[in-house]
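So the structure is just underneath, and the comments pick up after that.
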Amino acid sequence: MITAGDYRTSRLDDAIDRGFDPHPDDMLPPPAHLRSPAGVDVLAAFAADVEAARAQSGGAA
């Protein structure tokens with residue numbers, strides 16, 4: 001009979017079993033200067049940056 005204990009529930013569980021012990025600070029969000037302002041669509045902003053770079057390089061992508 002196969003039981004739930006026969007399978008890892010996640011890669012994190014496997015890593016913890018191998019001795020991975022993340023520091024609590026590693027679980028914090030990025031610092032404020034690396035975060036996008038509230039309400040900014042980061043994908044749209046990235047797409048705009050890509051289009052601007054394409055236009056600047058003559059449209060080659």
Side-chain angles (χ1 to χ4, degrees):
M1 174 180 196
I2 297 174
T3 64
D6 295 334
Y7 296 98
R8 297 276 181 223
T9 55
S10 71
R11 290 174 52 196
L12 177 60
D13 291 336
D14 189 35
I16 289 170
D17 287 347
R18 292 173 184 236
F20 176 69
D21 185 22
H23 190 275
D25 288 347
D26 294 337
M27 306 306 272
L28 295 174
H33 72 281
L34 296 177
R35 282 184 250 151
S36 298
V40 171
D41 181 355
V42 294
L43 293 178
F46 176 73
D49 287 344
V50 169
E51 290 303 321
R54 284 182 178 161
Q56 198 172 34
S57 69

In short, side chain to side chain donor-acceptor pair (under 3.5 Å) pairs touching residues 36-51 with sequence neighbours left out are Glu51-Arg54

Does Pro30 have any side chain to side chain contact (heavy atoms under 4.5 Å, CB included) partners at least two apart in sequence or in another chain, and if so, which?
-> Leu34, Arg35

Counterpart residues, side chain to side chain contact (heavy atoms under 4.5 Å, CB included), relative to His23 (two or more places apart) | Asp25, Asp26

Tracing side-chain links under 4.5 Å among I, L, V, M, F, W and Y, which residues wind up in one group with Val50?
-> Phe46

